[in-house]
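Written out below as structure tokens is the structure these notes cover.
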Amino acid sequence: MIDRNDQVDARIAKLDKLRELGVNPYPHHFSVSFDSKYLIDNKDQLLAAETVVRWAGRVVRYNRKGKMCFMHLKDRTGKMQVVVMSSNVPESDYEVVKLTDLGDWIGVEGTCMVTQAGEYSVRATKFVMLSKAVRPLPTPKEKIDEQGNKVVFDEFASVELRYRQRYLDLTLNDDVREVFYKRSRIVQAIREYLLEQKYLEVETPTLQPIYGGANARPFTTHHNAQGMTLYLRVANELYLKRCIVGGLDRVFEFTKNFRNEGMDRTHSPEFSALEFYEAFADYNDMMRHFENIWERACIAANGTTEIETQGKQVSFKAPWPRLTVYQAIEKFAGLQVESMSDDEIKSEIAKRHIEMKGEWLRGRAILSIFEHDCEPNLTGPIFITDFPKESTPLCKGHRTKPELIEQFEPYVVGWEVGNAYTELNDPLLQRELLEEQVSRGRGGEDETHPMDESFLHSIECGLPPTGGVGIGVDRMIMILTNQPTIRDVQLFPLMKPE
RNA sequence: GGGCUAGUAGCUCAGUGGUAGAGCAGUGCCCUUUUAAGGCAUGGGUCGAAGGUUCAAUCCCUUCCUGGCUCACCA
């Protein structure tokens, strides 16, 4: 049953009146010749030629003055005023004008004009109800003050309502809709770059019998027909590597990943990721792709590589600086960990009150010092390279330092925004490392992984030398659009039912 | 999970131990150049839910629900 109130009743009454007048309040189609951006960009020409235009949008301002009515319609590209004079439209159309409310979708036909107050408008000769809204929209209003600043009155601002009723947020808050336009352009820029680089776009399973590729707790679900437990993807890494084994030597995929963990400003249970893998490449090649992608994405969204975001001034001009983990620790913590004894490192850990879970491993201790002393200082953009081998079992050993691996993590505004390796392709070592991880539970962490025999089988069949990259797309969008929370870059963030 | 904080009209908010107010929106009338929609009039609320204290609760207390900020957890 529709949730009624006096305003809904009033609109439903208008709906009935429209039908009594023989007007279909929900017609099937309306031909639009121009959008508002075109109308505005071609103002002089349209005025001079008195071109007949057909245009449609949603009523966001309505001011009827007796036998004349001013309204603003908003379409995807902007908004513009429509002027309807009862003397210029059929009498029946003006009856429709009188039954129009904020939020209705309207189509008009007419020519362009400038009002006495100087506002460029469409003067309607036909006025068509395209969809009658029976629920009132919030009614923010705005004006430009003497300083030229936009002042908004009664803004639609409730965070909860904005997320739950994103359709209203998008309708009423232009800055919100701009975020999603930019999001689309960013994704497009990434895709274009990878396609230019001869990458193949592929799709891999979301429902997986065994999850893997990241240390994360999965969502579990059930396939009734097969009586089978399935997991929602936490990462697509293992499938993309299978693609490389199969000779699809440059692949990428945008995916939704699902991780059954806490939510906060930068974590959502459902988030977008991009991974790409390139045969015969190493992590140095992948760093170049990474910085190129960010540079292009930033330009696509902002028209420049220099932006202010998360309270910091950041340049995404490639190339980005590189710093090894050892160098970073020396720079920010003043420690030469490489030449320190285990006991010395233990004492530094204790000094910092860092708690180490599970079995003591030198590499994990060094990682902890890095996270504690360095991460917050990495305004970036910067690549941190050459991690201790305990960091991950999927990365290839460093070509000169046996205790390290060829991993890099890019940092921007102190956030880790990706992860990349020269991929481990020695199948026997891969098996050993995965078995070690499974048996050890990674030093007491919860997220032990089941052994993925099928993945190991594929590596055994021959993975060429490969570079791989994972990018957290939502965090990337947050940074490139300067949004404070991950929910501000997801159209419909998860909310508990009301 | 911890701390802090919020929920009052369609929206944004004010408010009080004696069952509630404003602006916009709505309704009615007037208005052919408005622009925060100009004039006059006017309807609208189980004050998030349930319990408790009290003569009396929207207000005080408890619990719950739904949010926000923050810490912790989490690549």
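Sequence lines set the chain letters: A, B, ... in the order given, protein chains first and strands last, and positions in each chain run from 1. Computed from a prediction, not measured in an experiment: that's the story for all the values here. Worth knowing before you read on, the calculation uses all heavy atoms, side chains too, and leaves out hydrogens, waters and symmetry mates.
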So what's B:rU16 paired with, Watson-Crick or G-U wobble, going by both distances under 3.5 Å?
none

Check: B:rU35 base within 3.5 Å donor-acceptor of A:Glu119 side chain:
yes

To the side chain of A:Arg164, which of B:rA37, B:rU66, B:rG68 is closest?
B:rU66

Write down the distance between NZ (A:Lys496) and P (B:rA49), rounded to a whole number of angstrom.
19 Å

B:rU12 and B:rU8, which share atom name P, separated by this distance in whole Å:
8 Å

Between A:Asp488 and A:Arg162, is there a side-chain N and carboxylate O pair less than 4.0 Å apart?
yes

Would you please classify the geometry between the A:Phe254 ring and the A:Phe252 ring as parallel, tilted or perpendicular, with 30° and 60° separating the classes?
perpendicular

Quick one: look up who B:rC4 pairs with, Watson-Crick or G-U, both distances under 3.5 Å, and put none if it's unpaired.
B:rG68

The single option from A:Thr422, A:Thr385, A:Asn419 that satisfies side-chain hydrogen bond (donor to acceptor under 3.5 Å, both in side chains) with A:Gln407 is A:Asn419

Students often mix this up, so state it plainly: with edges at 30° and 60°, are the rings of A:Tyr283 and A:Phe408 parallel, tilted or perpendicular?
tilted

For the pair made of CG in A:Asp3 and P in B:rG44, what is the distance, rounded to whole Å?
18 Å

Paired nucleotide for B:rA41 [Watson-Crick or G-U wobble; both distances under 3.5 Å]:
B:rU27

For atom P, what is the distance between B:rU46 and B:rC65, given to the nearest Å?
23 Å

Quick one: A:Leu172 CG to B:rU12 P, roughly how many Å, whole number?
11 Å

Which nucleotide, B:rU35, B:rC73, B:rC24, lies nearest any side-chain atom of A:Asp264?
B:rC73

Considering every strand and a 4.0 Å limit on heavy-atom distances, what is the contact class for A:Arg487: base, sugar-phosphate, or nothing?
sugar-phosphate

I'd like the C1' distance from B:rU16 over to B:rC73, given in whole Å.
43 Å

OP1 or OP2 of B:rA37 under 4.0 Å from side-chain N/O of A:Arg61:
yes

When the C1' atoms of B:rA36 and B:rC4 are compared, how many Å lie between them, rounded to an integer?
36 Å

For A:Leu161 and A:Tyr421, take the nucleotide of RNA chain B holding the closest heavy atom to each; which residue's nucleotide lies nearer the 5' end?
A:Leu161

Taking only the C1' atom of each, what is the distance from B:rG51 to B:rG15 in whole angstrom?
25 Å

Indicate whether the side chain of A:Trp55 and that of A:Asp35 have a donor and an acceptor atom separated by less than 3.5 Å.
no

Look at all strands and tell whether A:Pro497 reaches a base, only sugar-phosphate, or nothing, counting heavy atoms closer than 4.0 Å.
sugar-phosphate

If pairing requires Watson-Crick or G-U wobble contacts with both distances under 3.5 Å, which nucleotide is the partner of B:rA9?
none

Which whole-number value in Å describes the distance from A:Asp488 CG to B:rG67 P?
16 Å

When rounded to whole Å, the NZ to P distance for the pair A:Lys98 and B:rA37 reads 22 Å

Quick one: label A:Gln116 by what it contacts on the DNA or RNA (base, sugar-phosphate, nothing), any heavy atom closer than 4.0 Å.
base

When rounded to whole Å, the CD to P distance for the pair A:Glu142 and B:rA36 reads 10 Å

Ion pair check, A:Glu423 and A:Lys241, cut-off under 4.0 Å
yes

Do nucleotides 26-32 of chain B as a string where each nucleotide becomes B, S or -: B if the base has a protein heavy atom under 4.0 Å, S if just the sugar-phosphate does, - if no protein is that close.
SS---BB

Between B:rC11, B:rU35, B:rC24, spot the one nearest the side chain of A:Thr115, thanks.
B:rU35

Give me the distance, rounded to whole Å, that separates B:rC30 from B:rC11 when you measure between the P atoms they each carry.
31 Å

Is A:Glu20 salt-bridged to A:Lys14, going by a charged N under 4.0 Å from an acidic O?
no

Pick base, sugar-phosphate or nothing for A:Glu371, based on heavy-atom distances below 4.0 Å to the nucleic acid.
nothing

Interatomic distance, A:Asn173 CG vs B:rC11 P [rounded to whole Å]:
15 Å

Between A:Asn5 and A:Arg475, which residue's closest nucleotide on RNA chain B lies nearer the 5′ terminus?
A:Asn5

What's the gap between B:rC59 and B:rU53 when it is taken at their C1' atoms, as a whole Å value?
13 Å

Should A:Lys141 be listed as having a side-chain N or O under 4.0 Å from OP1 or OP2 of B:rA25?
yes

A:Tyr163, nearest nucleotide to its side chain (from B:rA37, B:rG68, B:rC74):
B:rG68

Answer yes or no on whether A:Arg177 is positioned over the face of A:Phe180, meaning its NZ or CZ is under 6.0 Å from the six-membered ring centre and within 45° of the axis.
no

Round to the nearest Å and state the distance from A:Asn63 atom CG to B:rG38 atom C1'.
8 Å

Heavy atoms under 4.0 Å, any strand shown: does A:Asp9 hit a base, just sugar-phosphate, or nothing?
nothing

Would you say A:His72 and A:Glu119 are linked by a side-chain donor-acceptor pair, where the criterion is simply a distance under 3.5 Å?
yes

Pair partner, B:rU35 [Watson-Crick or wobble, under 3.5 Å]:
none

Nucleotide nearest A:Ala117 (side chain, heavy atoms from C-beta), chosen from B:rA75, B:rG67, B:rU35
B:rU35

Using the C1' atom in both, what is the distance from B:rU33 to B:rU27, to the nearest Å?
26 Å

Going by an N to O cut-off under 4.0 Å, is there a salt bridge joining A:Arg242 and A:Asp452?
yes

